[in-house]
Amino acid sequence: MSAAGTGDRDVDVAVVGSGPAGSSLAIRLARAGVEVALLDARSFPRSKPCGDCLSPGATPLLRELGVLPELEARGPGRLTGWRVRSPGGTWFAGRFDPDRGRGPAEGLSLPRRELDAALLDGARREGARLLERTRAVGLLRERGRAAGLRIRDGRGRERELRARFVVGADGLRSTVARELGGVHPGPRRRIALVRRVHAPRGPARSGELRLGDDGVLGLAPVGGGRYNLTLVIPRSAAPAVSRSREGYFRRRVRGYGLEAWVAETEPASGIEVTGPFEVKPERLAVPGALLVGDAAGYFDPLTGQGIFRALATARLAARSILRCLDDPALEGAALQRYRGEARRLLAPGRRVQRWVDAAVTRPRVIDGLARVLAARPALPSLLFDVTGDRLPARALVRPDRLARALASPGPGEPGGDARPVWPRTPGRSSPDSSSSMISDRTHRTPGAT
Ligand SMILES: Cc1cc2nc3c(=O)[nH]c(=O)nc-3n(C[C@H](O)[C@H](O)[C@H](O)COP(=O)(O)OP(=O)(O)OC[C@H]3O[C@@H](n4cnc5c(N)ncnc54)[C@H](O)[C@@H]3O)c2cc1C
């Protein structure tokens, strides 16, 4: 599909947003010969507030996109599971089970600056036209369908970009989704603070979630002796955060029993603030336009599935858009199919995210649950295989899977101690190697989550 085939259009497809959803879609379309303009309000490489952990289910998609060798060469973190500490101090752990589920039993983790740049480079290599520092400010419409975009460049100059098809891959606060109408924000309860640090030791092959009375701290290795710290807190903390981002962040992180560890760290990035998160658009696809990634709906960062969903919705979208471009008469059916497939992909995970959310926002419930999960590591493993996009969400309600998980010790640490033992990061010295076992606090830290 060359420019000649686009008639009075500038391009075949205009993709708004060069995060994982937009860049991966551009790779797939450009590879199929479609003329793609990929635009982003920012210039790359750029960072993005994120936990930086890809679910194992994302790895086969990155392989398809041809970017896996480059990501592997960067020496990313590799997560084989998660450890969770309840507000009362009970640890439980689960590993992805290599004997079941799709794809590998480990996920990659690396800073978004690196992941997103690799995907964008992939799109450029396939021939997508990149328009950085270019913001979509409105949708062009013609005879009841989307016909392109109004865009503004870095110097504030506006012009039209006409396209046969428009894709909103522009994230949580998507302009394209707003233009399609019917975007419902959630209760807007939480915000997040994200920082990457260098540390002489830390969790090696698993991520950690430390749950508090009114917040959650995520900690994960992201390669090269760096760790991602993501603090999710109530939105009511926003004024305190804006008074002193640094002071607030350090105080809260220390409150999770990480005081000694924090003292050894050096910042590898500034502190990024984002939120609130929840958004649900009514219209995933209309004639001439569709939504992918966070723009197609986002619930919560706790289960860390957003990047997989961005890549997976883009994969579905590519198929439907190619069909629309090949034969415009089939557009209605192709878009209907995309709506159905995307909803089937997104809705069950959203339900699991809601359960997780309901549990972690009730400290007594999660304390009780943590004791059960600590005694049966096969149960958290089953949960992490679902949130790791290795098993469908329905696995959690299948009696046979649950019975097996209850009966077997599973791939976790049966009867063992799920508290983390952190090795030293190779190549860096630790001022206090004797404290490499990070001690657990069994009491709550008042006001410090
Ligand atoms: C605190 C937090 C932690 C998270 N942790 C994880 C995790 O560990 N693992 C995981 O899988 N997911 C995680 N997520 C979710 C993940 O970050 C998102 O789901 C993912 O980034 C979605 O990708 P995307 O391409 O849809 O959007 P984005 O990555 O947000 O990209 C959207 C792009 O669109 C651009 N843009 C926006 N508006 C316009 C416009 N009008 N014109 C032009 N460009 C525009 C932006 O500049 C941006 O580059 C986390 C989210 C949060 C908030």
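When reading the values below, keep in mind they use all heavy atoms of this one structure, side chains included, and skip hydrogens, waters and symmetry mates. Since this is a predicted model, take the numbers as computed values, not measurements. Note that ligands are numbered from 1 as they come in the structure, with each ligand's atoms numbered from 1 the same way.
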Student: Does any N/O atom on R112 come nearer than 3.5 Å to any N/O atom on ligand 1?
Tutor: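 Yes, since at least one N or O of R112 sits under 3.5 Å from an N or O of ligand 1.
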
Student: Salt bridge check: are R226 and E114 linked by an N-O gap of less than 4.0 Å?
Tutor: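 A salt bridge links R226 with E114.
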
Student: Once salt bridge (Lys or Arg N to Asp or Glu O under 4.0 Å) is applied, what residue pairs with a partner in residues 165-178 remain, sequence neighbours excluded?
Tutor: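 Every pair satisfying salt bridge (Lys or Arg N to Asp or Glu O under 4.0 Å) with a residue in residues 165-178: there are none.
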
Student: Considering only heavy atoms, does I307 approach ligand 1 within less than 4.0 Å through its side chain, its backbone, both, or neither?
Tutor: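 Both the backbone and the side chain of I307 come within reach of ligand 1.
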
Student: Verify, without hydrogens or angle tests, whether Y256 (side chain) and G218 (backbone) share a donor-acceptor contact under 3.5 angstrom.
Tutor: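 Looks like no, no N/O pair under 3.5 Å.
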
Student: Where is the nearest protein heavy atom to atom 12 (N) of ligand 1: which residue, which atom, and how far?
Tutor: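 The protein heavy atom lying closest is G306 N, 3.3 Å.
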
Student: Of the side chain and backbone of A310, name the one, both, or neither that has a heavy atom under 4.0 Å from an atom of ligand 1.
Tutor: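 It is the side chain that gets close, since no backbone atom is under 4.0 Å.
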
Student: State whether D12 and R164 are salt-bridged, where the test is any N-O pair (Lys NZ or Arg NE/NH1/NH2 against Asp/Glu carboxylate O) under 4.0 Å.
Tutor: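 So D12 pairs with R164 through a salt bridge.
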
Student: Hey, is ligand 1 close enough to T230 that some N/O pair sits below 3.5 Å?
Tutor: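 It does not: no N or O of T230 is found under 3.5 Å from an N or O of ligand 1.
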
Student: How close does the nearest protein non-hydrogen atom get to atom 28 (P) of ligand 1, and which residue and atom is it?
Tutor: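 So the nearest neighbour among protein heavy atoms is K48 CE, 4.0 Å.
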
Student: Look at D385 together with R100 and state whether they make a salt bridge at an N to O cut-off of under 4.0 Å.
Tutor: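 Here D385 pairs with R100 in a salt bridge, since their nearest N and O are under 4.0 Å apart.
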
Student: Could you check atom 35 (C) of ligand 1 against the protein and tell me its nearest heavy-atom contact, residue, atom and distance included?
Tutor: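 Heavy-atom neighbour on the protein nearest atom 35 (C) of ligand 1: D40 OD2, 3.3 Å.
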
Student: Which residue owns the protein heavy atom closest to atom 42 (N) of ligand 1, what's the atom, and how far is it?
Tutor: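 It is A136 N, 2.9 Å.
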
Student: Could you list the atoms of ligand 1 found under 4.0 angstrom from a heavy atom of R42?
Tutor: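 It comes down to these atoms of ligand 1: 47 (O).
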
Student: With a heavy-atom distance limit of 4.0 Å, tell me whether T274 approaches ligand 1 through its side chain, its backbone, both, or neither.
Tutor: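 Looking at T274 and ligand 1, just side chain atoms fall under 4.0 Å.
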
Student: Any idea which protein heavy atom is nearest atom 27 (O) of ligand 1, and the distance to it?
Tutor: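 The closest heavy atom on the protein side is G171 CA, 3.8 Å.
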
Student: Starting from atom 26 (O) of ligand 1, find the nearest protein heavy-atom neighbour and note its residue, name and distance.
Tutor: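 Result: D294 N, 2.9 Å.
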
Student: Between R189 and D214 (salt bridge meaning N to carboxylate O under 4.0 Å), is one present in this structure?
Tutor: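 Salt bridge: no.
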
Student: Are any of the N/O atoms in P49 less than 3.5 Å from those in ligand 1?
Tutor: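 It does not: no N or O of P49 is found under 3.5 Å from an N or O of ligand 1.
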
Student: I need the contact type for R173 against ligand 1. Using non-hydrogen atoms and a strict under-4.0 Å cut-off, is it side chain, backbone, both or neither?
Tutor: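 Looking at R173 and ligand 1, no heavy atom falls under 4.0 Å.
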
Student: Between CG of L119 and CZ of R124, what distance do you get to the nearest 0.5 Å?
Tutor: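 Rounded to the nearest 0.5 Å, the CG-CZ separation comes to 12.0 Å.
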
Student: Which of the numbered atoms in ligand 1 are under 4.0 angstrom from any heavy atom belonging to T134?
Tutor: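 Contacts of ligand 1 toward T134, numbered from 1: 43 (C).
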
Student: Where does A192 meet ligand 1, judged by heavy-atom distances below 4.0 Å: at the side chain, the backbone, both, or neither?
Tutor: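 Side chain only.
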
Student: Testing V34, V166, L25, L38 for side-chain contact (heavy atoms from CB on, under 4.5 Å) with V13, which one passes?
Tutor: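 Testing each of V34, V166, L25, L38 against V13, the sole residue satisfying side-chain contact (heavy atoms from CB on, under 4.5 Å) is V34.
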
Student: Touching ligand 1 at all, D52? Heavy atoms, strictly under 4.0 Å?
Tutor: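 The answer is yes: ligand 1 sits under 4.0 Å from a heavy atom of D52.
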
Student: At less than 4.0 angstrom from any non-hydrogen atom of T175, what atoms of ligand 1 do you find?
Tutor: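 By the 4.0 Å cutoff, the relevant atoms are 41 (N).
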
Student: Could you tell me whether D357 and R190 make a salt bridge, using a distance below 4.0 angstrom between a side-chain N and a carboxylate O?
Tutor: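 Between R190 and D357 there is a salt bridge, with a charged N closer than 4.0 Å to a carboxylate O.
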
Student: Test of understanding: given a 4.0 Å heavy-atom threshold, classify the contact between L172 and ligand 1 as side chain, backbone, both, or neither.
Tutor: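 Neither; no heavy atom under 4.0 Å.
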
Student: Counting non-hydrogen protein atoms only, what is the nearest one to atom 2 (C) of ligand 1? Give residue, atom name and distance.
Tutor: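 Scanning the protein heavy atoms, the shortest distance from atom 2 (C) of ligand 1 goes to P301 CB, 3.4 Å.
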
Student: Taking only Lys NZ, Arg NE, NH1 and NH2, and the carboxylate oxygens of Asp or Glu, determine whether R83 and E208 approach each other closer than 4.0 Å.
Tutor: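 Salt bridge between R83 and E208, a charged N being under 4.0 Å from a carboxylate O: no.
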
Student: If you take the nearest heavy atom of each of D170, V15, V232, which one is closest to atom 38 (N) of ligand 1?
Tutor: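 Nearest heavy atom to atom 38 (N) of ligand 1 lies in D170.
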
Student: Tell me whether D116 has any N or O atom under 3.5 angstrom from an N or O of ligand 1.
Tutor: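 No.
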
Student: Could you tell me, atom by atom, which parts of ligand 1 come under 4.0 Å of a heavy atom of G51?
Tutor: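 Numbered from 1, ligand 1 contributes 3 (C), 4 (C), 5 (N), 6 (C), 7 (C), 8 (O).
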
Student: Relative to atom 32 (C) of ligand 1, which among S43, C50, A169, G207 owns the nearest non-hydrogen atom?
Tutor: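 Shortest heavy-atom distance from atom 32 (C) of ligand 1: A169.
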
Student: Parallel, tilted or perpendicular: which one describes the rings of F92 and F384, with boundaries at 30° and 60°?
Tutor: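 If you compare the ring of F92 with that of F384, the planes turn out parallel.
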
Student: Could you tell me whether G22 and ligand 1 have an N or O pair separated by under 3.5 Å?
Tutor: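 In fact, backbone or side chain, G22 has no N or O that close.
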
Student: Against ligand 1, does R309 come closer than 4.0 Å with any heavy atom?
Tutor: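 Contact check R309 vs ligand 1: negative.
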
Student: Can you list, pair by pair, the side-chain donor-acceptor contacts under 3.5 Å of residues 312-323, counting residues two or more places apart and other chains?
Tutor:
| residue | atom | partner | partner atom | Å |
| --- | --- | --- | --- | --- |
| T313 | OG1 | G293 | N | 2.9 |
| T313 | OG1 | R309 | O | 2.7 |
| T313 | OG1 | A310 | O | 3.2 |
| R315 | NE | E64 | OE1 | 3.0 |
| R315 | NE | E64 | OE2 | 3.4 |
| R315 | NH2 | E64 | OE2 | 3.0 |
| R319 | NH2 | E341 | OE1 | 3.2 |
| R319 | NH2 | E341 | OE2 | 2.9 |
| S320 | OG | A334 | O | 3.2 |

Student: F44 versus ligand 1: do any nitrogen or oxygen atoms come within less than 3.5 Å of each other?
Tutor: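 No; the residue has no nitrogen or oxygen that sits under 3.5 Å from a nitrogen or oxygen of the ligand.
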
Student: Considering only heavy atoms of V16, which atoms of ligand 1 have at least one such atom less than 4.0 Å away?
Tutor: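 What qualifies from ligand 1 is 40 (C), 42 (N), 43 (C).
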
Student: How many angstroms lie between atom CG of D389 and atom OG of S55, to the nearest 0.5 angstrom?
Tutor: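 Result: 3.5 Å between the selected atoms.
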
Student: Of all the non-hydrogen atoms in the protein, which one sits nearest to atom 9 (N) of ligand 1, and at what distance?
Tutor: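 Result: C53 O, 2.7 Å.
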
Student: Hey, is the main chain of G57 close enough, under 3.5 Å, to the side chain of R102 for a donor-acceptor pair?
Tutor: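 No; zero donor-acceptor contacts below 3.5 Å.
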
Student: Using a 4.0 Å cut-off to any heavy atom of Q305, which atoms of ligand 1 qualify?
Tutor: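 Counting from 1, the qualifying ligand atoms are 10 (C), 11 (O).
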
Student: Quick one: which of R245, R195, R196 gives a side chain to side chain donor-acceptor pair (under 3.5 Å) with E272?
Tutor: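 Exactly one option meets the side chain to side chain donor-acceptor pair (under 3.5 Å) with E272, and it is R196.
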
Student: Would you say the side chains of S109 and D52 form a donor-acceptor pair under 3.5 Å?
Tutor: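 No, because no side-chain N or O of S109 sits under 3.5 Å from a partner of the opposite role on D52.
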
Student: F308 versus ligand 1: do any nitrogen or oxygen atoms come within less than 3.5 Å of each other?
Tutor: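 In fact, backbone or side chain, F308 has no N or O that close.
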
Student: At less than 4.0 angstrom from any non-hydrogen atom of G17, what atoms of ligand 1 do you find?
Tutor: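 Ligand 1 atoms under the 4.0 Å threshold to G17: 33 (C), 34 (O), 35 (C).
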
Student: Look at the side chain of R78 and the backbone N and O of R205, then say whether any donor-acceptor pair between them is shorter than 3.5 Å.
Tutor: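 Here the side-chain-to-backbone pair does not exist.
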
Student: Going by the order shown, which atoms of ligand 1 are within less than 4.0 Å of some heavy atom of Y298?
Tutor: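 Counting from 1, the qualifying ligand atoms are 14 (N), 15 (C), 19 (O), 50 (C), 51 (C).
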
Student: Looking at R133, I want to see if its CZ is surrounded by more than 12 non-hydrogen atoms of other residues, nucleotides or ligands under 6.0 Å.
Tutor: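 Check fails, neighbour count at 12 or below.
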
Student: Is there a donor-acceptor pair under 3.5 Å between the side chain of R283 and the backbone N or O of G181?
Tutor: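 Confirmed, R283 side chain pairs with G181 backbone.
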
